[in-house]
Amino acid sequence: MNTSKYVVVGAGLAGAATAWHLASRDHEVTVLERSTPANKWGSSHGSARIFRYAYPELGYTRLVIDAKRGWDELERLSGRRLITPTGSVDHGSVRRPRQLAEVLQSAGVEHELLSPEQAQHRWPQLVFDTEVLWHPGAGVLDAETTVTTMAELAVTQGAQIRTGWELSSVTRSGNGFRLSSSTGEVLEAERIIVCAGGWLPALLSDLSLPDAFVQQMPSLQVRQEQAYHFPYQKALEASATPWPTFIHLSENLQIYGLPGGRDARFQGQKVAKFNGGKVLSSARAQDQLMDESNRQQVMEYVTRHLPGVVPEPYAETTCLFTNTPNEDFVLDTVDNITVVSPCSGHGGKFAPLIGEMAADLATGRDQVPEIFRVFGRHLRIQ
């Protein structure tokens, strides 16, 4: 029989961050990962995700500022660059750049509001249809290297990571829990932190959570998203301002893009339709197959709005988004089980902070905004 005071289920961004924070506080912690950290079946693989400050809610922008201190600490401790600065542009009638600018002004984040003509002159590789918000502090985060870095730091400080350990059930045992794997392994723990991302919907009924908690949990929608890498137009690339990340939201379009990372050989812009993938019952139902209709929609967008790339993808991939109805996170503890669902549609940029919050909850500190608590979700983040 194996034992551990704290057990973290899942070794993606949230799980690795939680293990890092627990281990740095000298707690005994074991991470259980059904495959390997940052594997392609989860939400934390790949080397290119957007890091940005622009949110319509001031509370989220403030949380990004808090999270950035964690990123800086990770880079200091590891000597690795985890966020590459690129700046970000936001435009479209639904994105409301002027409102975003007011939020950044209130938070003290450097930004600039540009006319479409001004933005077009600065970034001829993009086409703009409204005012444009520019904030230079945004960038591209390397999700896979971040997971690896946090996991290594956790292990250095005493944590254990067990790979190929797929959780099948949790039962209460004395003052703690007995966790069983799909292959019959057993581990006993005092406290559990579940960071299972898109696998969480399939696990909820097996976690020995109180019925009232499960009933109050917001519904979790898992999508198999699709992203495409379009090669840069070499003729335009030489004269244009370097590519920023971008979010373009209008009545008929919800598209985002960012410079592609290491896994796409840094040769093009990664572009995707936000929440455009098929809905899954959980991550178990994913097939990682590309949908031709989705591909055509993104290629048509690229043809109209991104003259700086060749409108034919040279690489493509799927990933998982796990969203609550209002895209707020779930971070709460009940009966020594902490449930962490940072919603992979936009949770990656908060990874160091989410791990700190999860560690706080698991160790009895109450430092998490009420909006993320299962019984406090009627409140808004300030």
Side-chain angles (χ1 to χ4, degrees), residues 12-14 43-44 49-67 90 92-100 102-104 106-107 133 194-204 209 212-225 247-256 272-283 319-334 338-351 353-354 357-358 361 366-382:
L13 284 165
S43 302
S44 301
R49 304 294 172 88
I50 291 178
F51 177 87
R52 60 180 169 88
Y53 292 90
Y55 273 89
E57 302 93 353
L58 178 58
Y60 270 109
T61 295
R62 287 173 171 164
L63 287 177
V64 179
I65 294 171
D66 291 342
D90 297 82
S93 57
V94 175
R95 189 60 176 156
R96 299 179 181 176
R98 188 167 291 271
Q99 178 187 344
L100 296 176
E102 292 172 355
V103 171
L104 295 189
S106 297
L133 173 74
V194 183
C195 304
W199 301 87
L200 181 58
L203 282 175
L204 273 176
L209 289 163
F213 185 90
V214 175
Q215 291 165 7
Q216 288 293 318
M217 272 280 294
S219 60
L220 299 177
Q221 183 190 73
V222 181
R223 285 183 178 268
Q224 181 173 277
E225 295 291 272
I247 296 178
H248 183 191
L249 304 184
S250 64
E251 295 297 336
N252 300 314
L253 293 168
Q254 295 195 57
I255 301 288
Y256 65 91
K273 182 179 180 182
F274 181 71
N275 278 336
K278 63 182 179 182
V279 177
L280 310 175
S281 57
S282 78
C319 64
L320 297 178
F321 278 13
T322 308
N323 293 315
T324 61
N326 60 5
E327 297 177 13
D328 289 331
F329 308 153
V330 175
L331 284 159
D332 208 351
T333 290
V334 60
T338 301
V339 177
V340 181
S341 180
C343 298
S344 51
H346 70 112
K349 70 183 72 62
F350 300 98
L353 180 62
I354 285 170
M357 290 180 177
L361 284 170
D366 192 1
Q367 305 292 326
V368 175
E370 284 297 313
I371 187 176
F372 301 149
R373 309 295 286 267
V374 170
F375 293 107
R377 301 187 65 78
H378 61 287
L379 304 173
R380 292 306 304 163
I381 189 168
Q382 299 298 320

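Treat the numbers as computed from the prediction; the structure is a model and nothing was measured.
- Closest approach of Phe51 and Lys349 over heavy atoms only: CD1-CB, 3.7 Å.
- Note: Arg95 CZ to Leu253 CG = 14.0 Å, rounded to the nearest 0.5 Å.
- In this structure, a donor-acceptor pair under 3.5 Å is present between the side chains of Thr324 and Asn326.
- Remark: the backbone N or O of Phe321 is not paired with any side-chain donor or acceptor of Arg223 at under 3.5 angstrom.
- Taking each heavy atom of Cys343 and Asp328 in turn, the nearest pair found is SG-O, 3.4 Å.
- Distance alone, capped at 3.5 Å, places no donor-acceptor pair between the Ser250 side chain and the Ser93 backbone.
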side-chain contact (heavy atoms from CB on, under 4.5 Å) between Leu209 and Met217, intermediate numbers included
CA-CA 11 Å; Leu209 289 163; Met217 272 280 294; over 6 Å; no
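- In this structure, Phe329 and Tyr60 have perpendicular ring planes: the angle between them is above 60°, well past the 30° mark.
- Side chain of Glu225 to backbone of Gly276: a donor-acceptor contact under 3.5 angstrom is found.
- When side chains are defined from C-beta on, Ser219 counts as touching Pro325, because their heavy atoms get closer than 4.5 Å.
- The CG atom of Leu361 sits 4.0 Å away from atom OG1 of Thr333, with the distance rounded to the nearest 0.5 Å.
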side-chain contact (heavy atoms from CB on, under 4.5 Å) between Val94 and Glu251: does it pass, once the steps are laid out?
CA-CA 6 Å; Val94 175; Glu251 295 297 336; 3.8 Å; yes
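- Taking CG of Leu249 as the start and CD of Gln254 as the end, the distance is 5.5 Å to the nearest 0.5 Å.
- Counting only heavy atoms from C-beta outward, the side chains of Leu200 and Val339 approach each other to under 4.5 Å.
- Taking each heavy atom of Thr338 and Ala358 in turn, the nearest pair found is CG2-O, 4.3 Å.
- Between Glu327 and Asn323, the closest heavy-atom pair is CG-OD1, 4.5 Å.
- The CZ atom of Phe350 lies 11.0 Å from the CG atom of Leu331; values are rounded to the nearest 0.5 Å.
- With sequence neighbours excluded, no residue forms a ring pair (Phe, Tyr, Trp, His ring centres under 6.0 Å) with Tyr256.
- Between Ser106 and Leu58, the shortest heavy-atom contact is CB-CD1, 4.1 Å.
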Residues Val374, Val334; criterion side-chain contact (heavy atoms from CB on, under 4.5 Å); working and verdict
CA-CA 10 Å; Val374 170; Val334 60; over 6 Å; no
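- Side-chain atoms of Ser341 never come within 3.5 Å of backbone atoms of Val330 as a donor-acceptor pair (strictly under, hydrogens ignored).
- The minimum heavy-atom distance linking Ser282 with Ala202 is given by the pair OG-CB, 3.6 Å.
- With values rounded to the nearest 0.5 angstrom, Tyr55 atom OH is found 15.5 Å from Arg62 atom CZ.
- Distance CE/Met357 to CG/Asp66: 7.0 Å, rounded to 0.5 Å.
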